[in-house]
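Sequence positions, counted from 1, serve as the residue numbers for this chain.
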Amino acid sequence: MWKVVIADTAAESRQQSAWSGVNEIEIIGVTDNLSVFGEWLKDQEVDAVDIAQTVTAPEKWIELAVEAKKHVICDTNVQIGIEAISELQAICEKQDIVLLMPNAWRFSPEYVQAREHVLQGAIGKPGVIRMRRSAPRATEGCIFDVLGAEVFDWQRWTFGDVLRVMARSVEHVDETGQAVEYALVVVKHADGTIAHIELSLAEEDEQSSFELTGASGMLQYDSDDCQPIVWEMNRKLVHPGSVAKRFGDRAAADCWSSRRTHFIRAVSSQEPLRMTPEDVRIARKIAQAARQSAESGQPVQLMDGGSST
């Protein structure tokens, strides 16, 4: 039985519900107080901690967990600086602690299967890749970080290291007075693959799509087209929009649960860790290079798959 402490400020922790789908787990407690968190690690039998994006200064929580020799999983949107990621990875390796900072796309069935098809040669030699990701206008943060980093990570995971980034972005206020932002990023990979990535903070809902083109074929996906049986149901009984939302919520919950299942299997040495802190750091460096390119109007060269020259 694995015993987990959750660091979260939410009254009803989303992390807690995500663990409900993982076998052999006991939640010791949920706290948003760093002192209480530290006391639990010392006074109670704890194997792992789950750090939510809602906590401030998450690196302090992680450092405390590592000092207590507890394995750590973080929320996909936890805000940790690039240099802090390197420091955390170093102390985790020294203490032989697993630190999982997962990209949701590495655990999304559509994107996992797409990568497998590419690696198995389904599209032949990759050529031009088109990807799009959007989120509600109220989403806070730099568009290249909050939307782009996970895309850049999946691109690198699938097509290999990045050589060069060119980006453009535009912001304006729409007719409702809401600030919206768009960005276009062109990424060149070491194997010659070119990716056109469109990012948008101007939508009502989250949406993603891809068109993966190669010498032998093409793979396509659009999350807006993946709502099964919505329009087949009795409209007097179920509103289509509510059904779509229910399917989306279930898919998100499954993704959250699968990340934690993988985490437990990784710390139990049943399978290798799917994503390292170094992967997160490099994705953030690519996002940083995209922001630099958008500001300068010039392409940015990268070395080692993510460090700007």
Got a second to check how far S86's OG is from I80's CD1, nearest 0.5 Å? 11.5 Å
Given side chain to side chain contact (heavy atoms under 4.5 Å, CB included), test L273 with L99 step by step and report yes or no. CA-CA 9 Å; L273 195 64; L99 171 59; over 6 Å; no
Kindly state each residue pair satisfying salt bridge (Lys or Arg N to Asp or Glu O under 4.0 Å) with at least one member in residues 53-75, sequence neighbours excluded. none
List the residues meeting side-chain contact (heavy atoms from CB on, under 4.5 Å) with S268, not counting sequence neighbours, and say none if there are none. W2, I264, Q270
Starting from V170, walk the hydrophobic network (Ile, Leu, Val, Met, Phe, Trp, Tyr; side-chain heavy atoms closer than 4.5 Å) and list everyone else you reach, by chain and number. V180, Y182
Output a table of donor-acceptor pairs, distance under 3.5 Å, between side-chain atoms of residues 113-122 and any protein atom two or more places apart or on a different chain; print 'none' if there are none.
| residue | atom | partner | partner atom | Å |
| --- | --- | --- | --- | --- |
| R115 | NE | W157 | O | 3.1 |
| R115 | NH2 | W157 | O | 3.4 |

List the residues meeting ring pair (Phe, Tyr, Trp, His ring centres under 6.0 Å) with W19, not counting sequence neighbours, and say none if there are none. none
Have T31 and N33 got a donor and an acceptor in their side chains that come within less than 3.5 Å? no
Residue pairs meeting salt bridge (Lys or Arg N to Asp or Glu O under 4.0 Å), one or both in residues 85-100, sequence neighbours left out, come to none
Contact check, side chains of E150 and R133, non-hydrogen atoms, under 4.5 Å: yes
Pairs in or reaching into residues 97-106: which pass side-chain hydrogen bond (donor to acceptor under 3.5 Å, both in side chains), with residues at least two apart or in two chains? N103-D153, R106-D153
Determine, step by step, whether L34 and L64 satisfy the side chain to side chain contact (heavy atoms under 4.5 Å, CB included) criterion, reporting the C-alpha distance in whole Å, the side-chain angles of both residues, the deciding distance to 0.1 Å, and the verdict. CA-CA 9 Å; L34 188 60; L64 202 58; 4.0 Å; yes
Distance check, rounded to the nearest 0.5 Å: I62 atom CD1 versus C74 atom SG? 3.5 Å
Between atom NE2 of H71 and atom CD of Q95, what is the distance when rounded to the nearest 0.5 Å? 11.0 Å
What distance separates R274 CZ from H262 NE2, expressed to the nearest 0.5 Å? 5.5 Å
Will you find, in the side chains of D145 and Q79, an N or O donor that is under 3.5 Å from an N or O acceptor? no
A167 versus S293, closest heavy-atom pair with distance: N-OG, 2.9 Å
Regarding S296 and Q298, is there a side-chain donor-to-acceptor distance under 3.5 Å anywhere? no
Shared ILVMFWY cluster between V98 and V22, side chains joined below 4.5 angstrom? yes
Pair E181, R137 - check side chain to side chain contact (heavy atoms under 4.5 Å, CB included), show working. CA-CA 8 Å; E181 185 174 5; R137 289 166 287 188; over 6 Å; no
Could you pull out all residues at least two apart from I82 that satisfy side-chain contact (heavy atoms from CB on, under 4.5 Å)? R281, R284, K285, Q288
Answer with yes or no whether the hydrophobic clustering places M218 together with I129; edges join I, L, V, M, F, W, Y residues whose side-chain heavy atoms lie under 4.5 Å apart. no
For F210, ring pair (Phe, Tyr, Trp, His ring centres under 6.0 Å) partners two or more places apart: Y111, Y221
Is there side-chain contact between R164 and V300, with at least one heavy-atom pair below 4.5 Å? no
Given side chain to side chain contact (heavy atoms under 4.5 Å, CB included), test F152 with V162 step by step and report yes or no. CA-CA 9 Å; F152 302 143; V162 172; over 6 Å; no
Non-hydrogen side-chain atoms of V185 and V165 separated by less than 4.5 Å: yes
Once rounded to the nearest 0.5 Å, what's the spacing between atom OG1 of T56 and atom CH2 of W61? 7.5 Å
Closest heavy-atom contact between E24 and M1? C-SD, 3.3 Å
Heavy-atom count around E206 CD within 6.0 Å, excluding the residue itself: above 12? no
Output a table of donor-acceptor pairs, distance under 3.5 Å, between side-chain atoms of residues 195-203 and any protein atom two or more places apart or on a different chain; print 'none' if there are none.
| residue | atom | partner | partner atom | Å |
| --- | --- | --- | --- | --- |
| E198 | OE2 | R132 | NE | 3.3 |
| S200 | OG | A202 | N | 3.4 |
| S200 | OG | E203 | OE2 | 3.1 |
| E203 | OE2 | R132 | NH2 | 3.2 |

If every non-hydrogen atom of I27 is compared with every non-hydrogen atom of Q16, which pair is closest and at what distance? CG2-NE2, 4.3 Å
For D205, enumerate each residue passing the side-chain contact (heavy atoms from CB on, under 4.5 Å) test, keeping only those at least two apart in sequence or located in another chain. none
So how far is it from R156 CZ to D279 CG, rounded to the nearest 0.5 Å? 5.0 Å
Under a single-linkage rule joining Ile, Leu, Val, Met, Phe, Trp and Tyr whose side-chain heavy atoms are separated by less than 4.5 Å, which residues share a cluster with V173? none
